[in-house]
Amino acid sequence: MSSQRSSKTFLQLKYGEALDTAATKKSITSLLSSHDGTEVIHHCLKEGARWGMSPDSEEPNTLEAVYILSGKLKLHRPNEGSFLEAGDFLAGQPVSEFIVLTALEDSEFLYITSNPVFHYYSSDTRNLEMLAIEIEKKDGYTADHCFRIKELSMLVGEKMELNSESLQKLHFGALLHDIGKTEVPESILLKPAKLDEEEWTIMKEHTRYGATILRKTNITHFILAAEVVEQHHERYDGSGYPKGLRRDEICLEAAIVGLVDSYDAMTSERIYSKARSKESALTEIKQLRGIKYHPEVVDYFLSVIE
Ligand SMILES: [Fe+2]
């Protein structure tokens with residue numbers, strides 16, 4: 001299957017979703033019309049913003065199409081990327097494929113679907129995002145911590161030429177990495193002193209709690225991201241948690257989020273710790289390349305951050 005200018009390509013998709021929320025002011029979404037279950041949604045993506053779609057085996061008859069009005073977008077495909085410009089379109093009535101588009105310049109397109117989707121923008125995804133922001137604030141970070149982790153992780157993922165499925169997994173895994181902390185008692189989460197052994201054991205469970213929360217949603221891209229959430233504290237040498245996975249037992253997306261989360265923790269001012277300088281954090285990351293952190297991920301991370 002390929003995307004070609006002014007030709008019809010068949011894909012299987014569930015629904016479109018702006019991967020950059022209103023919080024980043026990078027995407028604008030408006031419902032143009034809705035009739036008999038068919039919706040036409042107008043998307044404006046600022047340069048660098050992303051948009052994605054997930055397959056849905058439960059809605060096999062859904063017809064969906066993306067029609068590019070202006071700008072230039074990269075379509076992330078396995079081992080290659082292709083580009084979409086004004087007049088190009090993708091359309092499909094189900095196969096199964098994840099799609100992620102990155103705007104290489106300010107771009108506009110229409111998304112047309114026979115399965116009403118607009119409500120998704122203000123329900124499940126937004127609710128989980130809000131929950132994630134709340135928990136980061138309780139954990140001593142500012143509200144934009146999750147978005148910083150997500151953005152930096154995606155830049156690393158794009159640099160590594162990950163395909164659309166992997167980028168979707170990375171996006172939601174990064175954004176919701178600590179969602180499981182909602183299940184950790186506040187007496188532990190907010191404790192102003194070092195955690196004792198029992199408390200630390202409970203705290204480490206936030207990885208498993210988070211994965212369970214996402215799997216229970218029954219939504220394709222959250223189920224996909226659950227593995228990232230579960231593994232984001234695993235470390236390359238097996239010293240992480242919850243399972244002590246090593247090397248390639250840890251999925252690549254979790255290795256990216258784990259590194260980016262560590263870097264952000266080192267360089268963020270938090271309630272109980274001062275921010276370290278970027279240089280000091282990078283020195284430590286370079287020293288731990290191939291020990292705590294996946295060597296290839298460190299190399300791509302450094303090429304993005306430096
Ligand atoms: Fe975490």
Side-chain angles (χ1 to χ4, degrees), residues 128-154 156-157 169-217 222-246 249-273 275-276 281 284-285 288 292-294 297-298 301:
L128 279 177
E129 279 180 12
M130 291 303 120
L131 203 58
I133 292 168
E134 220 174 278
I135 207 70
E136 296 299 358
K137 281 189 193 164
K138 274 191 190 166
D139 206 21
Y141 284 106
T142 52
D144 60 350
H145 169 72
C146 319
F147 293 103
R148 281 201 311 271
I149 302 291
K150 182 267 295 174
E151 189 55 33
L152 194 46
S153 295
M154 289 296 278
V156 174
K169 182 176 174 180
L170 180 60
H171 171 91
F172 289 106
L175 195 61
L176 305 172
H177 65 283
D178 273 342
I179 196 98
K181 285 184 179 169
T182 53
E183 307 270 321
V184 174
E186 285 198 355
S187 59
I188 295 175
L189 197 63
L190 303 178
K191 189 176 174 181
K194 205 168 184 290
L195 299 181
D196 66 29
E197 203 174 318
E198 194 184 331
E199 291 165 336
W200 183 234
T201 302
I202 296 170
M203 181 62 132
K204 288 197 284 194
E205 284 299 300
H206 80 274
T207 49
R208 286 197 175 101
Y209 296 153
T212 302
I213 291 169
L214 294 192
R215 287 183 183 123
K216 276 185 182 167
T217 62
F222 290 143
I223 295 169
L224 192 66
E227 189 177 45
V228 182
V229 171
E230 189 159 35
Q231 296 181 1
H232 76 280
H233 285 288
E234 300 286 4
R235 293 296 176 257
Y236 198 69
D237 59 0
S239 63
Y241 62 87
K243 292 181 179 167
L245 300 177
R246 304 176 74 240
E249 291 170 348
I250 305 165
C251 70
L252 197 55
E253 298 86 354
I256 295 172
V257 174
L259 173 58
V260 171
D261 190 31
S262 297
Y263 172 75
D264 198 81
M266 289 179 210
T267 54
S268 292
E269 188 83 36
R270 296 175 70 186
I271 296 171
Y272 306 111
S273 63
R276 288 167 55 183
E284 182 173 325
I285 285 168
L288 295 175
K292 300 275 185 207
Y293 306 119
H294 191 299
V297 170
V298 169
F301 171 80

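Whatever order the structure lists ligands and atoms in, that order sets their numbers, starting from 1.
A salt bridge (Lys or Arg N to Asp or Glu O under 4.0 Å) check over residues 198-211, counting only residues at least two apart or in different chains, returns the pairs Lys191-Glu199, Glu205-Arg208.
Note: Leu224 CG to Arg215 CZ = 10.5 Å, rounded to the nearest 0.5 Å.
Glu249 places a side-chain N or O within donor-acceptor distance of the main-chain N or O of Arg246, the cut-off being under 3.5 Å. The closest donor-acceptor contact from the side chain of Ser268 to the backbone of Ala265 lies at 3.5 Å or more, if one exists at all. Within the 3.5 Å criterion, the main-chain N or O of Leu245 finds a donor-acceptor partner in the side chain of Glu234.
No side-chain donor-acceptor contact under 3.5 Å links His233 and Asp261.
Tally of protein N, O or S atoms closer to the Fe ion (ligand 1) than 2.8 Å: 4.
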